[in-house]
Chemist: 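Pasting in a structure now, in structure tokens, and then I'll have a few things to ask.
The figures here come from the full heavy-atom set of this structure, side chains too, leaving out hydrogens, waters and symmetry mates.
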Amino acid sequence: MKENHEQRRKKLLHVFQKLSLPTSRIQLVDSYRDAEALWKLIFDHKGEGLIAKRQKSVYAPGKNHHDWLKIKNWRIIHVILSSYQPSNDYFNAAVWRNDSLISIGKCKHGLDAEARQTVTKLFMESGSFNGQSYTLPPAIVAAVQTLDLYQGELREPAFSGIGAEAEPADCTLKTLQREQAMLPAAVDFSKFDKLYWPKAGIDKSAYLVYMREIAPYMLPFLREHLLTLIRCPEGVEEEYFFQKHLPEYAPSFIKPFQSEEETFMLCDSLESLLWFANHGGIEFHIPFEKAGCMYPNEIVFDLDPPNRERFDLAIKAATIIKKYLDKLKLSSFVKLSGNKGLQIHIPIMEKSMSYEQTALFTQAIAQTVENQHPAFFTTERMKKNRHGRLYIDYVQHGKNKTIIAPYSARKTEEGTVAVPLRWEEVEPSLEPQNFTIKNVVARVQNMGCPFANYELVRQQQNLKEVFTLLGESPPL
DNA sequence: GTATTTG
DNA sequence: CAAATACAACGCGAG
DNA sequence: CTCGCG
């Protein structure tokens with residue numbers, strides 16, 4: 001009943017206000033009727049789970065009946081049982097990290113009486129006792145359900161099985177991290193150990209985990225856009241190629257987009273994202289317009305310094321351009337390209353400007369910046385005429401052109417990412433190589449996505465002053 | 001990474 | 001049966 | 001002009 005949510009919230013707030021009760025801590029939780037759709041949502045976001053209740057059941061503190069049901073989003077992992085402590089009945093769970101076992105938590109519940117009896121007996125009869133617990137060499141593998149691996153410790157672990165589903169040698173930290181990530185079952189993954197970024201030590205397994213975790217933040221930008229992929233099936237140092245047509249062998253969850261003549265591809269689901277990633281899809285590029293649409297959805301400035309050492313030029317140019325955009329009362333978003341430079345995104349209302357007009361606008365701004373600081377910036381396309389200046393690429397913004405999608409990894413040796421920034425972060429200490437596959441997930445989970453309001457801003461963006469500047473009027 | 005063509 | 005090839009498109013400079 | 005490169 002998602003439709004009624006806003007109404008219900010207002011009604012509830014109204015009642016609380018009438019009774020002079022504090023409303024600041026009221027939180028109305030979304031409710032859904034379609035359990036399958038909701039579970040998909042929870043799975044995609046790695047949510048904790050859901051509460052199900054009878055339609056007429058109301059909440060009462062301490063109530064003990066079965067009208068309310070908590071269904072948790074368990075993930076199943078495989079661990080080695082390394083020791084047993086009789087005093088509290090805990091089994092210690094461990095996995096291999098390189099060649100030594102590391103402890104990842106303790107597990108007690110979930111075994112039936114018979115299995116528990118068998119395993120404790122095994123430990124107490126064959127294990128070595130140190131006064132506290134019995135230890136066995138790595139041999140017993142258990143399947144454990146858990147909610148998370150938080151600071152190296154399993155959350156709410158419970159046995160879900162014990163015995164021969166996996167070999168002790170397979171219980172590695174790498175496998176655990178993958179199980180913890182909950183990769184979608186619809187994709188057939190392969191070659192987890194292939195080094196995709198050899199210099200940074202990032203293998204395919206780590207990349208897939210990155211893509212799975214970043215998917216909720218990345219997919220909104222890919223959805224409804226034609227996809228151009230750069231694929232590096234042998235890693236970023238080996239041969240690469242572009243792909244924009246739907247391959248014949250793609251599974252049915254990869255959505256085609258049919259034009260007159262050609263079949264392009266879309267990426268609109270967790271499964272699609274990870275299927276592309278499993279096929280060595282490293283860079284996800286998208287055009288400025290939605291599939292099948294004539295008009296751009298955003299304006300982007302591409303600020304491309306001659307090299308990493310001159311990243312300061314990108315910071316300088318971005319700061320200047322931001323000042324102009326503020327003057328025009330335009331909200332803008334900034335991201336690291338993941339390569340050498342910065343990109344400024346300005347979401348514009350659907351079908352509000354033609355490509356001719358956005359080109360005019362970007363040229364006007366680019367020219368202004370170039371005229372103001374000719375020693376630092378240039379709109380000169382020819383590399384040999386740039387003389388170490390930062391190139392403000394306004395040609396790159398047009399139909400049939402594409403740009404790297406937010407949160408896409410890049411084909412760079414460090415495994416850098418095209419990462420959205422807050423404007424406050426655009427200052428001299430900013431360095432692109434500090435934002436990689438290894439740390440961007442933690443960053444976005446801690447600080448939120450700086451582009452979270454992108455769609456909201458698009459709907460509210462008023463382009464009146466832009467058209468005044470251009471001396472034109474909107475196309476529609 | 002996969003399917004197809006070529007040697 | 002192993003090896004080679006395609007998987008974008010566009011502008012530019014070299015030949 | 002085509003070819004190869006980025």
Chemist: Output yes when A/Arg458 and A/Glu350 qualify as a salt bridge under the 4.0 Å nitrogen-oxygen rule, no when they do not.
Modeler: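 Result for this pair is no, no salt bridge flagged.
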Chemist: Are any protein N/O atoms closer than 3.5 Å to N/O atoms in nucleotides 2-7 of chain B? If there are, list each pair with its distance.
Modeler:
none

Chemist: Round to the nearest Å and state the distance from A/Leu246 atom CG to B/dG1 atom C1'.
Modeler: 15 Å
Chemist: Answer yes when A/Asp268 and A/Arg223 have at least one side-chain N-carboxylate O distance shorter than 4.0 Å, and no when they do not.
Modeler: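 Salt bridge between A/Asp268 and A/Arg223, a charged N being under 4.0 Å from a carboxylate O: no.
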Chemist: Salt bridge check, A/Arg308 against A/Glu414: does any charged N sit closer than 4.0 Å to a carboxylate O?
Modeler: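 Result for this pair is yes, salt bridge flagged.
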Chemist: Look at the aromatic rings of A/Phe159 and A/Phe91 and report parallel, tilted or perpendicular, splitting at 30° and 60°.
Modeler: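 Aromatic pair A/Phe159/A/Phe91 classed perpendicular.
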Chemist: Which whole number of Å gives the distance between the P atom of C/dA6 and that of D/dC3?
Modeler: 14 Å
Chemist: Looking at A/Asp312 and A/Lys316, is there a salt bridge between them, counting it only when a charged N and a carboxylate O are closer than 4.0 Å?
Modeler: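 No salt bridge links A/Lys316 with A/Asp312.
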Chemist: Look up atom CZ in A/Phe264 and atom CD in A/Glu262, then write down how far apart they are to the nearest 0.5 Å.
Modeler: 3.5 Å
Chemist: Would you confirm whether the ring centroid of A/Phe221 sits within less than 6.0 angstrom of the ring centroid of A/Phe284?
Modeler: no
Chemist: Nearest-Å distance, OH (A/Tyr240) to P (D/dC5)?
Modeler: 11 Å
Chemist: Salt bridge or not for A/Glu156 and A/Lys72, using N-O below 4.0 Å?
Modeler: yes
Chemist: Please list, in 5' to 3' order, the outermost nucleotides of DNA chain C lying under 4.0 Å from any heavy atom of chain A.
Modeler: C/dC7 to C/dG13
